[in-house]
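See below for the structure under consideration.
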Amino acid sequence: MLQKPRGTRDFLPDEMEARRTIEWRMREVARLWGYREVCTPEFEDLELFTMRSGEGIVEEMYVFLDKGGRNLALRPEITASVIRMYINEAKVAPKPLRWCYFADCFRYERPQKGRYRQFWQFGVELIGADTALADAEVIMLAADMLNATGVTYDLKVGHLSFMKNLLKDLEPPAQRRVMAHLDKKDYDGLKATLDAMDKPELAHSLTTLLECRTLKEAFEIAGNIPGKERIEQTISLLDASGMKYSLNFGIARGLDYYTGTVFEGFAQNLGAENQILGGGTYRLAHLFGGDDVASCGFAIGFDRVMVSLGETQHKKDTVVAIVCTHEGRDHALEVARIFREAGIRSEMDLMERGLGAQLAHASKTADFAIVIGQREAESKNVTLRNLQTGEQKTLDPKSAIAEVASHGACR
RNA sequence: GCCAGGGUAGGGUAGUUGGUUAUCCUAGAGGACUGUGGAUCCUCCGACCCGGGUUCGAAUCUCGGCCCUGGCCCCA
């Protein structure tokens, strides 16, 4: 039997309904903040992604040659595409631009819990606003969005300037090696590396910086930071908003183009792959031949949010089964139509079953049955049966609709 | 790319000194039952992940691959 490709998933209706429910909660939050949806191609020139992230990522992408000999890649993330689109289509649009997206991405990696080769991201990008309030808005929006889904998570906010200031005397490759140690909390390795670089005193400052939980402490360790005021403003805006977060100056986000504020969210009930959100301020447009516009954005790992939410029950549709005899069929079609016009999900038997068998099936799949035989066809009434209680009465279609609508799903 | 544990109908399972037609539950279809369901009974449907090897004979032993689950690495 044919199998689906490794790391991909099929979604049955129950799961899709749960996913759409959460998706729409995020969409609604984005809408309320003024972030409007954009859509970019599923595949792009390979170069778009290597320019952003380096040649190394080719190994972790779905890369292919099209019939015209073009080097293309399935998108491994969406920020690069959005910024490309901004340069191509919207450079002169009034700033700031508030955009969001919900779309699938592809990465060629070893699957595990919360990590798939096709996965969905809900992200936002705020383009062209370079202020403390812009940074704060994006973080508050991220928190709002995660709150709307119902996940329990920890949000960590940091700023790259502190670490960059401590490391400013090191060459970029050395900086990267040090950051790698910090990211893994490998303090022994860090010490060895710094000793080898003849900078042993840095080890203490760096590890202390990671332990800092207030701006004041961080400023004391890292010294005179460029943009100090902006950082203070951003953090005081977050504090004023009353949102929950913690400061963490060890967030490195691994990428050179992040410029300042960075933040990450972690689900409290997931294992190794528990990061559900990542974002920060960055400058990327100039890489793709655009202006050096400031941007700030984040992406939420939608599938991980769903894993974290687990088997949470979602509200189900009320289902009405239209059950009829041969004589009642024409009237039944008419009744089904007006039920649907009233917004009620209505399903008819397609198997030419007898009345008993139709009801047997309805009892497994529906909340109510509308029974229509010769008697109902002649009187233009319907028999409404509550499949939960067995209670049954004959009334006109409009009253039946009212009854079903007032009752709701009872499965 | 690395490590561990797995893979028998749609879902869940039984099945080793290798041996008839692979067990049971559930789901699905049909019937007993052409104006009223969930019970019961009957019938049907449907599986040994793939390939090589050993053997008279492999779900079972063996090798390779694929896939799943979790972890490492990575994580844009």
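In what follows, chains carry the letters A, B, and so on, assigned in the order in which the sequence lines appear, proteins first and then strands, with residues in each chain numbered from 1. These numbers were taken from a predicted model, which means no experiment stands behind them.
Rounding to whole angstrom units, CG of residue A:Leu12 and P of B:G11 are separated by 11 Å. Whole-Å rounding puts the A:Glu109 CD to B:C75 P distance at 9 Å. One atom, NZ of A:Lys113, and another, C1' of B:C74, lie 20 Å apart when rounded to the nearest Å. Note: CD (A:Glu15) to P (B:G11) measures 15 Å, nearest angstrom. Atom P of nucleotide B:C66 and atom CZ of A:Arg6 are separated by 8 Å, given to the nearest angstrom. Rounded to a whole Å, the CE atom of A:Met351 is 7 Å from the C1' atom of B:A29. Between the P atom of B:U69 and the CD atom of A:Glu273 lies a distance of 13 Å, rounded to the nearest Å. Note: CG (A:Leu48) to C1' (B:A76) measures 12 Å, nearest angstrom.
To the nearest whole angstrom, the two C1' atoms, one in B:C50 and one in B:U8, are 15 Å apart. Here, B:C44 and B:U34 have their C1' atoms 23 Å apart, quoted to the whole Å. Spacing between B:G11 and B:C49 at atom P, rounded to whole Å, works out to 12 Å. B:U43 and B:U23 have their P atoms separated by 14 Å, with the value rounded to a whole Å. On the C1' atoms, B:A14 is 22 Å away from B:G57, given to the nearest whole Å. Nucleotides B:A9 and B:A22 place their C1' atoms 12 Å apart, quoted to the nearest Å. Here, B:G64 and B:C3 have their P atoms 12 Å apart, quoted to the whole Å. For the P atom pair drawn from B:U54 and B:G15, the interatomic distance equals 30 Å after rounding to whole Å.
In this structure, A:Arg115 does not pair ionically with A:Asp303, as no charged nitrogen and carboxylate oxygen lie closer than 4.0 Å. For the pair A:Arg20 and A:Glu17, the salt-bridge criterion is not met [side-chain N within less than 4.0 Å of a carboxylate O]. We find that A:Arg9 and A:Glu15 are not joined by a salt bridge, their nearest charged nitrogen and carboxylate oxygen being 4.0 Å or further apart.
Side-chain contact, A:Tyr116 with A:Asp104: no donor N or O sits under 3.5 Å from an acceptor N or O. Under 3.5 Å, the side chains of A:Asn269 and A:Ser308 contain a donor-acceptor pair of N or O atoms. Looking at A:Thr79 and A:Glu125, their side chains do bring a donor and an acceptor atom within 3.5 Å of each other. Under the 3.5 Å distance criterion, with hydrogens and angles disregarded, a donor-acceptor pair is assigned to the side chains of A:His181 and A:Thr193. A donor atom on one side chain and an acceptor atom on the other are not found under 3.5 Å apart for A:Tyr245 and A:Asp154.
Using a 4.0 Å heavy-atom criterion, one finds that A:Gln358 contacts no nucleic acid atom at all. Contacts of A:Gly7 with the nucleic acid, taken as non-hydrogen atoms under 4.0 Å apart, involve only primed sugar atoms and P, OP1 or OP2.
Contact annotation: the side chain of A:Val124 never approaches that of A:Arg98 to less than 4.5 Å [non-hydrogen atoms, C-beta and beyond].
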request  = Begin with the C-alpha distance, continue with both residues' side-chain angles, and end with the deciding distance and a verdict on side chain to side chain contact (heavy atoms under 4.5 Å, CB included) for A:Phe249 and A:Ile221.
outcome  = CA-CA 11 Å; A:Phe249 301 98; A:Ile221 292 157; over 6 Å; no
request  = Under the side-chain hydrogen bond (donor to acceptor under 3.5 Å, both in side chains) rule, what do A:Thr383 and A:Glu376 come out as? Steps first, then yes or no, please.
outcome  = CA-CA 7 Å; A:Thr383 296; A:Glu376 289 85 355; 2.5 Å; yes
request  = Determine, step by step, whether A:Leu126 and A:Tyr35 satisfy the side chain to side chain contact (heavy atoms under 4.5 Å, CB included) criterion, reporting the C-alpha distance in whole Å, the side-chain angles of both residues, the deciding distance to 0.1 Å, and the verdict.
outcome  = CA-CA 8 Å; A:Leu126 170 60; A:Tyr35 287 71; 3.8 Å; yes
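Taking a pair to require two hydrogen-bonding distances under 3.5 Å in either a Watson-Crick or a G-U wobble arrangement, B:G28 pairs with B:C44. Nucleotide B:G18 has no partner under the Watson-Crick or G-U criteria, as no pair reaches both atom distances under 3.5 Å. Across every strand in view, B:G5 sits in a pair with B:C68 that passes the Watson-Crick or G-U test at under 3.5 angstrom. In this structure, B:G38 makes no Watson-Crick or G-U wobble pair, since no nucleotide meets both defining distances under 3.5 angstrom.
Between the side chain of A:Arg110 and the base of B:G70, a donor-acceptor pair under 3.5 Å is found. Put simply, the side chain of A:Arg9 and the base of B:C68 share no donor and acceptor less than 3.5 Å apart.
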request  = Go along nucleotides 32-42 of chain B 5' to 3' and tag each nucleotide: B for a protein heavy atom under 4.0 Å from its base, S when only backbone or sugar atoms are that close, - otherwise.
outcome  = ---BBBB----
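The side chain of A:Arg115 sits closest to B:C73 out of B:A76, B:C73, B:C68. Looking at the side chain of A:Glu77, the nearest of the listed nucleotides B:C72, B:A76, B:A29 is B:A76. Residue A:Gln112 has its side chain nearest to B:G71 when only B:G71, B:G30, B:C67 are considered.
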Atom pairs, N/O to N/O, protein against nucleotides 43-45 of chain B, distance under 3.5 Å?
none

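Place A:Thr8 and A:Pro76 on RNA chain B by their nearest nucleotides, and A:Thr8 ends up nearer the 5' end.
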